[in-house]
Enquirer: 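I am attaching a structure below and will ask some questions about it afterwards.
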There are 2 protein chains.
Amino acid sequence: MKSILVVEDEQRISAFISKGLTAAGFRPQIAADGITGRDLALTGDFDLVVLDIGLPGLDGFSVLKQLRAQRPELPVLVLTARDNPDDTIYALESGAVDYMIKPFRFAELLARVRLRLKESPQEQEVTELVRDEVRIDLLKRQAWVGGSLVELSARELSLAEILLRNCGNVLSREQLLSHVWGFDFDPGSNVVDVYIGYLRKKLGTDFVTTVRGFGYRVD
Amino acid sequence: MKSILVVEDEQRISAFISKGLTAAGFRPQIAADGITGRDLALTGDFDLVVLDIGLPGLDGFSVLKQLRAQRPELPVLVLTARDNPDDTIYALESGAVDYMIKPFRFAELLARVRLRLKESPQEQEVTELVRDEVRIDLLKRQAWVGGSLVELSARELSLAEILLRNCGNVLSREQLLSHVWGFDFDPGSNVVDVYIGYLRKKLGTDFVTTVRGFGYRVD
DNA sequence: GGCCCATCTAAGAAGACTCTCATCGGCCGC
DNA sequence: GCGGCCGATGAGAGTCTTCTTAGATGGGCC
């Protein structure tokens with residue numbers, strides 16, 4: 001199992017990332033400021049670092065530079081709140097392997113983490129998720145139910161994917177909302193319910209189970 | 001450079017695949033029937049096989065089985081004209097690593113070929129294409145022009161991607177049409193022109209050069 | 001049973017996307 | 001210069017996607 005260091009001061013965001021990474025099968029650890037982050041990263045216990053640029057204590061750029069200097073092989077994925085291309089370009093030039101601009105959808109962060117941690121050709125990438133009669137092709141963006149083809153929209157696919165990847169576990173509306181819609185999406189909305197309805201209509205009523213008071217689950 | 005064997009009897013389709021693979025930096029070779037295909041595949045000169053199921057002479061399934069038996073490590077990507085889930089499931093069970101249903105967009109075939117040939121962690125995947133002021137992020141599905149963010153639709157992104165990946169080469173309307181829209185798309189349409197116009201509006205007039213009588217090129 | 005609350009669903013508005021059609025403009029050969 | 005052809009572009013139709021709203025449904029507790 002891969003260890004990931006999350007250097008992020010906003011508790012809301014670090015918790016969000018941490019939970020998501022855990023659900024995806026990674027072992028995350030949080031550092032709330034630059035100095036702690038740098039020191040932890042340099043221990044060598046981590047396979048990847050998710051680094052916020054806007055940090056208290058020690059600026060993210062400085063952390064990035066020190067990591068580059070001392071552990072050039074450690075992949076760093078930079079988060080920046082400022083929608084400023086100069087920042088991101090500077091980050092990439094300083095050695096970040098990738099970057100994301102807040103607010104981001106968790107699914108995208110996960111895709112990037114997976115991409116950067118991929119290493120052995122043995123562990124073939126998952127391009128299909130199967131559960132009983134339902135088969136979802138992530139590359140084709142299509143689903144098969146029994147023998148017939150079903151087209152899924154981008155949102156529907158994204159929602160189905162996270163449910164299937166966490167097969168057996170209940171996912172709360174908030175989790176689904178932040179994973180699929182982004183962590184700053186209006187929490188009062190009932191989009192999740194509506195899209196669960198769409199999935200049921202397309203993939204069969206019993207594709208998702210409602211767990212009253214908690215959320216949804218695919219068994 | 002990777003060698004790819006294309007076993008396909010329809011000349012129109014094999015030529016289409018072959019050209020596209022060449023443009024993408026692969027070395028393709030065509031076999032027009034099952035027996036030739038099987039014999040070539042067994043020489044061991046190829047890194048991947050694209051195999052049509054509906055073949056004259058020797059059925060695609062038989063070819064697949066023989067390849068599995070004698071070269072289990074050789075990745076085979078199956079093409080099937082029949083929109084029949086049984087066929088594809090059977091193909092996968094027989095050991096195909098992946099499948100595509102005709103008609104397909106070439107871009108998708110390419111994505112699958114790349115995925116299956118990927119092997120060393122060294123050659124990091126391309127997630128960004130850059131050319132002068134224009135930067136395109138394939139994962140984010142966004143573009144940056146100078147310092148500002150531009151949203152691209154799925155079609156626009158796909159078109160921009162193939163143009164950028166073939167930087168310096170002229171691509172004909174037919175090539176673009178088959179790559180982005182699929183090889184059976186109405187050849188009389190001027191969608192390509194229209195979408196080139198959209199790209200110019202979003203990415204700058206001089207992003208693409210028109211080569212009168214031939215097609216378009218990104219320098 | 002009756003009530004409350006969580007969940008489901010139908011309907012629809014707004015907007016994005018894709019493509020066609022028709023017209024306009026300019027390049028090229030004569 | 002002129003005509004014809006190739007490409008550019010504007011308008012718009014049809015469809016799909018996404019999200020909100022509001023009312024219907026139904027579970028669980030009293």
Side-chain angles (χ1 to χ4, degrees), chain A residues 103 105 107 141-143 149-163 170-218, chain B residues 103 105 107 141-143 149-163 170-218:
Chain A
R105 296 183 311 115
R141 240 193 64 178
Q142 289 173 340
L149 181 64
V150 176
E151 298 284 346
L152 295 182
S153 80
R155 279 276 195 275
E156 289 163 359
L157 186 95
S158 184
L159 181 59
E161 179 181 351
I162 172 176
L163 284 167
V170 182
L171 294 171
S172 70
R173 285 179 173 61
E174 292 69 38
Q175 278 179 298
L176 294 172
L177 202 57
S178 52
H179 275 66
V180 178
W181 279 264
F183 64 77
D184 62 342
F185 198 91
D186 170 27
S189 166
N190 80 328
V191 233
V192 176
D193 300 54
V194 174
Y195 270 82
I196 290 284
Y198 293 165
L199 285 184
R200 284 193 175 129
K201 203 174 288 174
K202 290 190 176 179
L203 305 179
T205 318
D206 48 355
F207 172 68
V208 211
T209 314
T210 304
V211 184
R212 238 187 132 73
F214 292 92
Y216 299 95
R217 185 188 59 219
V218 171
Chain B
R105 296 183 311 115
R141 242 193 62 179
Q142 287 174 341
L149 181 64
V150 177
E151 297 284 347
L152 295 182
S153 81
R155 279 277 194 274
E156 290 163 358
L157 185 96
S158 185
L159 181 59
E161 179 180 350
I162 172 176
L163 283 167
V170 182
L171 294 171
S172 71
R173 276 162 229 287
E174 292 69 37
Q175 279 180 296
L176 295 171
L177 203 56
S178 52
H179 275 67
V180 178
W181 279 265
F183 64 79
D184 63 340
F185 198 90
D186 171 27
S189 165
N190 79 330
V191 233
V192 176
D193 300 53
V194 174
Y195 270 81
I196 290 284
Y198 293 163
L199 284 184
R200 284 195 175 126
K201 203 174 286 174
K202 288 190 175 179
L203 305 179
T205 318
D206 48 355
F207 173 68
V208 211
T209 314
T210 304
V211 184
R212 239 186 131 74
F214 291 92
Y216 299 95
R217 184 188 60 218
V218 171

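Chain A is the first sequence line, chain B the second, and so forth, proteins listed ahead of strands; every chain is numbered from 1.
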Enquirer: Return the value, rounded to whole Å, for the distance between atom CD of A/E151 and atom C1' of D/dT17.
Expert: 13 Å
Enquirer: Say you draw a straight line from OG of B/S153 to CG of B/L157; how long is it, rounded to the nearest 0.5 Å?
Expert: 8.0 Å
Enquirer: To the nearest Å, how far apart are B/L199 CG and D/dG7 C1'?
Expert: 16 Å
Enquirer: Nearest whole Å is fine: how far is D/dG7 C1' from B/L176 CG?
Expert: 14 Å
Enquirer: Provide, to the nearest angstrom, the distance between the CG atom belonging to B/D193 and the C1' atom belonging to D/dG10.
Expert: 14 Å
Enquirer: Are the side chains of B/V192 and B/W181 in contact, using a 4.5 Å heavy-atom criterion?
Expert: yes
Enquirer: D/dA8 phosphate, OP1 or OP2: any side-chain N/O from B/Y216 under 4.0 angstrom?
Expert: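 For B/Y216, the contact criterion (side-chain N or O under 4.0 Å from OP1 or OP2 of D/dA8) is met.
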Enquirer: Tell me, do B/F185 and B/V191 make a side-chain contact under 4.5 Å, heavy atoms counted?
Expert: yes
Enquirer: Taking heavy atoms of chain B and a 4.0 Å limit, find me the 5'-most and 3'-most nucleotide of DNA chain C within that range.
Expert: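 Contacts span C/dC17 to C/dC27, reading 5' to 3'.
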Enquirer: Can you give one letter per nucleotide of nucleotides 19-29 of chain D, 5' to 3': B if a protein heavy atom sits under 4.0 Å from the base, S if only from the sugar-phosphate, - if neither?
Expert: BBBB---BS--
Enquirer: Show the nearest heavy-atom pair for residues A/L163 and A/L199, with the distance to one decimal.
Expert: CD1-CD1, 4.2 Å
Enquirer: Let me know the distance between NZ of A/K202 and C1' of D/dT18, rounded to the nearest Å.
Expert: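 Distance, rounded to whole Å: 12 Å.
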Enquirer: Any donor and acceptor pair, going by atom type alone, linking the side chain of A/S178 with main-chain N or O of A/E174 inside 3.5 Å?
Expert: yes
Enquirer: Assign each of A/R200 and B/S153 to its nearest nucleotide of DNA chain C by heavy atoms, then name whichever residue's nucleotide is nearer the 5' end.
Expert: A/R200
Enquirer: Do A/R200 and A/T210 have side chains that approach each other closer than 4.5 Å (heavy atoms only, starting at C-beta)?
Expert: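 Yes - at least one pair of side-chain heavy atoms lies under 4.5 Å apart.
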Enquirer: To the nearest 0.5 angstrom, please state how far the CZ atom of B/R105 sits from the CZ atom of B/R155.
Expert: 7.0 Å
Enquirer: For B/Y216, which of B/L159, B/V170, B/D193 qualifies under side-chain contact (heavy atoms from CB on, under 4.5 Å)?
Expert: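 Among B/L159, B/V170, B/D193, the one that satisfies the side-chain contact (heavy atoms from CB on, under 4.5 Å) with B/Y216 is B/D193.
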